[in-house]
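First the proteins, then the strands, lettered A, B, ... as listed; each starts at 1.
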Amino acid sequence: MPKTFFITTAIDYTNSPPHIGHAYEKVLADVIARYHRLKGDSVFFLTGVDQHGQKVQQSAAKAGVPPAEFVKEITQKFVDLWKILDVKYDEWAETTSERHKKVVQGILQRLFDAGQIYKDKQAGYYSVRQEQFLTDKERGPDGEFGSEWGQVEFREEENYYFRLSQHKDWLLSYLDNRKDAVIPNFRQTELRNAVEKLSGDLCISRPKSRLDWGIELPFDKDFVNYVWFDALTNYISFAGYDPKADNYEKQPQEFRDRWSKDTLQIIGKDILVPAHGIYWLIMLHAIGFPNDAMPQLLVHGWWNLGGAKMSKSAGNVIDPFVLADKYGAEALRFYLVSDIATGKDADFSEERVIERYNADLANSLGNLLNRTLSMVSKYVSGRLRTTAISLNDESKQIPAGEPISLPTRSGEPMSLPNAKELGLRELIENSPRIYVRAMESSLISLALVIPGEISEHCNRLVQNTAPWQLAEDPMQNELLSAVMYHLAEALRIIAVLISPVLPKAAHGIFDQLNWKMDLSGNDKRFSLADAEWGKLPDGHVVGKAVPLFPRIES
RNA sequence: GCCAGGGUAGCUCAGUGGUAGAGCAGGGGACUCAUAAGCCCUUGGUCGGGAGUUCGAAUCUCCCCCCUGGCACCA
């Protein structure tokens, strides 16, 4: 049994600086990782960069610097962004590192020795200028290669191939026997269909004459590894994998504690087929990983711009540094995981960033915190009193309603109580259970509905009990205290629930509530066990009100 | 071309057989603890088009149109 929750993201290609899509994937992973830490799990979160390959070599040449230097600069931008966005990983993967190189070469040698890798010769049309072989796709309408390719010549080239097709039947049976190998569901269907059509093996090398920015094949000094065994292997090489141990069972305890069928690999929809869904799973199988040590693939969608795909060539790339600077890391994190359904695409809009921030964070939650502390200070001298009064159906004279069914867009349906028909206490006491279900399915936007509902409910409670009137009547003292206590407890629990997405804001709420001050600023402060009613003690004195999410005025 | 996903209110999206929904935006009202926030009420849709099945279709079937992704096609 794994003792650690292991989560990975795709490693980013250091050919160009990060854009909003990179930021989304890492924030999503970070939120899931933080959720597991919140539950008390030990977590190993791995992310990093892919530094080898032809495009890097070309970009470096164009910039007039050695590839190693070029890669270092771009890598730093990714590291900087994760720091700004509070993406807290446990290990950082760089494919040019010695440690990684040893694993890649060790695996290649083992597969070569086992006859899984062979040399073959192929021929085709080659563009000298672009340094690449051309396919029919590159041919113009007249069947000729355009002038942009420069001189095109017929060439023969030897390369090494991995016996991919030998494992096709295994992959099909694996997918048929594990319904959640890939989530969302329809992506697994897509993968299954692609595997059916799989034929041929995988070219895994480039002659050094063409590409030398890569890991040398251990069994042939004239070639470097090409892409797959370099990029994909990072997931295990930075988790303690020993390339000399020829199967999973012989791996070091440290590695086996981390890597299991519960390992969650977050990738974009563009790299499921064939890279992760086919190449990676087959590679793992080929190096001795059993079916019950196959990772789960979580495939996310993309942020589009006005329905268009974001791309450098279209000139519509959104710079996450600019956004974080303008609106703050928390606002950006919140937007990226709340305004998209995990697995689906969404439209990115800066107006929406502001809209969601103002509506959900500033107006609803931030203002609730502010008005609550202000009232506690004014009406009960900043001191909370526990109470026997349970405010459960004050806002509407409606009994607790039937739970309504919420769609999960990418998985099984789940039910969420109709918050307007639940009392505040009832809502809060049911919250962790519902929240956990949404989070376990990686449906972050759905999970965030819960603290949102609590917040709205509290705002209604204030309106309907009018503490400013209660404060004028000594006979209403107990009810007044009860309202104040309910609001403070609700805020404390909201802070716990939002902490994976908004760690800084959660700290802010705790600080203002004057709760767990000895752990102020330390993420150990957050525990799902605290999302339980009644932890604020009788006589607790709250802190000073400071606007938590200042409105963004446009 | 093949395989998927999508086309529902101004915007972003829920809703898979039983009288069209939410959030935001827009309009009106009462309140004042608060970040001119919050609360209550409200305008707004021939559910991409067409045909069919059914007592009844956004939902099931067929055809078509448009958008998106993957593959076919990067040795």
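- Going from atom CG of Leu369(A) over to atom CD1 of Ile509(A) covers 5.5 Å, rounded to the nearest 0.5 Å.
- When the P atom is used for both C40(B) and C31(B), the distance is 16 Å, rounded to whole Å.
- Look at CD1 on Ile509(A): it is 19 Å from P on A34(B), rounded to the nearest Å.
- C41(B) and A22(B) are spaced 11 Å apart, taking the P atom of each and rounding to whole Å.
- Pairing for G21(B) goes to C13(B), judged as Watson-Crick or G-U wobble with the two contacts each under 3.5 Å.
- Under the side chain to side chain contact (heavy atoms under 4.5 Å, CB included) criterion, Pro207(A) pairs with Glu157(A), Asn159(A), Ser209(A), Arg210(A), Phe223(A), not counting sequence neighbours.
- A residue-by-residue look at Asp339(A) and Arg551(A) shows that Asp339(A) has its nearest nucleotide of RNA chain B further toward the 5' end.
- A side-chain N or O of Gln116(A) and one of His167(A) form a donor-acceptor pair less than 3.5 Å apart.
- As judged by a 4.0 angstrom heavy-atom cut-off over every strand, Ala466(A) is placed among residues making no nucleic acid contact.
- Remark: the separation of the P atoms in C71(B) and U53(B) is 41 Å, to the nearest Å.
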Could you give the side-chain donor-acceptor pairs of residues 358-365 of chain A under 3.5 Å, partners two or more places apart or in another chain?
from, atom 1, to, atom 2, distance (Å)
Asn358(A), OD1, Ile552(A), N, 2.9
Asn358(A), ND2, Ile552(A), O, 2.9
Asp360(A), OD2, Arg356(A), NE, 3.0
Asp360(A), OD2, Arg356(A), NH2, 2.7
Asn363(A), OD1, Arg551(A), NH1, 2.8
Asn363(A), ND2, Asn358(A), O, 3.4
Ser364(A), OG, Ser455(A), OG, 2.9

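- Look at C62(B): its Watson-Crick or wobble partner, with both distances under 3.5 angstrom, is G50(B).
- The interatomic distance linking Leu548(A) (CG) with A37(B) (P) rounds to 17 Å, in whole Å.
- Across the protein-nucleic acid pair, His300(A) atom NE2 and G69(B) atom P stand 15 Å apart, rounded to whole Å.
- The line from CG of Leu480(A) to CZ of Arg385(A) is 12.0 Å long, rounded to the nearest 0.5 Å.
- To the nearest angstrom, C1' of C33(B) lies 11 Å from CG of Leu480(A).
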Check the interface with nucleotides 24-28 of chain B: list each N/O to N/O pair with the protein under 3.5 Å, or write none.
from, atom 1, to, atom 2, distance (Å)
C24(B), O2', Glu355(A), OE1, 3.3
C24(B), O2', Glu355(A), OE2, 2.7

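- Remark: the separation of the P atoms in C62(B) and G38(B) is 47 Å, to the nearest Å.
- Residue Leu191(A) is out of contact with every strand shown, counting any heavy-atom pair closer than 4.0 Å.
- Sorted by first and then second residue, the salt bridge (Lys or Arg N to Asp or Glu O under 4.0 Å) pairs with a member in residues 158-167 of chain A read Lys119(A)-Glu158(A); sequence neighbours excluded.
- Closest-nucleotide positions on RNA chain B for Lys378(A) and Asn459(A) were compared, and the one nearer the 5' end corresponds to Lys378(A).
- One can place CG of Leu368(A) at 16 Å from P of C33(B), the figure rounded to the nearest angstrom.
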What does the list of N/O pairs under 3.5 Å between the protein and nucleotides 2-5 of chain B look like, with a distance for each?
from, atom 1, to, atom 2, distance (Å)
C3(B), O2', Asn193(A), ND2, 2.5
A4(B), O2', Glu190(A), OE1, 3.4

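- Under the side chain to side chain contact (heavy atoms under 4.5 Å, CB included) criterion, Val462(A) pairs with Arg371(A), Met375(A), Pro467(A), Trp468(A), Leu487(A), not counting sequence neighbours.
- Among pairs with a residue in residues 468-491 of chain A, those fulfilling salt bridge (Lys or Arg N to Asp or Glu O under 4.0 Å) read Glu489(A)-Arg492(A), at least two apart in sequence or across chains.
- Atom C1' of C47(B) sits at a distance of 32 Å from the matching atom of C39(B), rounded to the whole Å.
- Residue Arg356(A) is classed as having no contact, given no heavy-atom separation below 4.0 Å to the nucleic acid.
- The nearest whole Å value for the distance from the OH atom in Tyr279(A) to the P atom in G70(B) is 14 Å.
- Across all strands shown, U42(B) is found opposite G26(B) as a Watson-Crick or G-U wobble partner, with both distances under 3.5 Å.
- As rounded to whole Å, 17 Å separates atom P of G69(B) from atom CD1 of Ile267(A).
- Atom C1' of nucleotide A34(B) and atom CG of Asn367(A) are separated by 5 Å, given to the nearest angstrom.
- Comparing U68(B), C39(B), C71(B) by their closest approach to the side chain of Lys269(A) singles out U68(B).
- Contacts of Pro550(A) with the nucleic acid, taken as non-hydrogen atoms under 4.0 Å apart, include base atoms.
- Side chains of Tyr118(A) and Asp201(A): a donor on one and an acceptor on the other come within 3.5 Å.
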Show me, pair by pair, the donor-acceptor contacts under 3.5 angstrom made by side chains of residues 271-283 of chain A, not counting sequence neighbours?
from, atom 1, to, atom 2, distance (Å)
His276(A), ND1, Ile271(A), O, 3.0
His276(A), NE2, Tyr235(A), OH, 2.7
Trp280(A), NE1, Gln265(A), OE1, 2.8

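- Using a 4.0 Å heavy-atom criterion, one finds that Phe549(A) contacts the bases of the nucleic acid, with or without backbone contacts as well.
- Here the separation of G69(B) from A37(B), taken at their C1' atoms, is 42 Å to the nearest Å.
- The side chain of Asp345(A) lies closest to U68(B), out of U68(B), A37(B), G38(B).
- A 3.5 Å limit on both hydrogen-bonding distances identifies U68(B) as the Watson-Crick or G-U partner of A4(B).
- Not a single side-chain hydrogen bond (donor to acceptor under 3.5 Å, both in side chains) links Thr233(A) to another residue, sequence neighbours left out.
- Residue-environment remark: NZ (Lys121(A)) stays at or below the threshold of 12 foreign heavy atoms within 6.0 Å.
- G27(B) and G10(B) have their C1' atoms separated by 14 Å, with the value rounded to a whole Å.
- For Arg460(A), the listed nucleotide lying nearest its side chain is C39(B); candidates were U68(B), C39(B), U35(B).
- Of the P atoms belonging to G1(B) and U42(B), the separation is 50 Å, rounded to the nearest Å.
- In this structure, C33(B) forms no base pair with any nucleotide, since neither Watson-Crick nor G-U wobble geometry is met with both distances under 3.5 Å.
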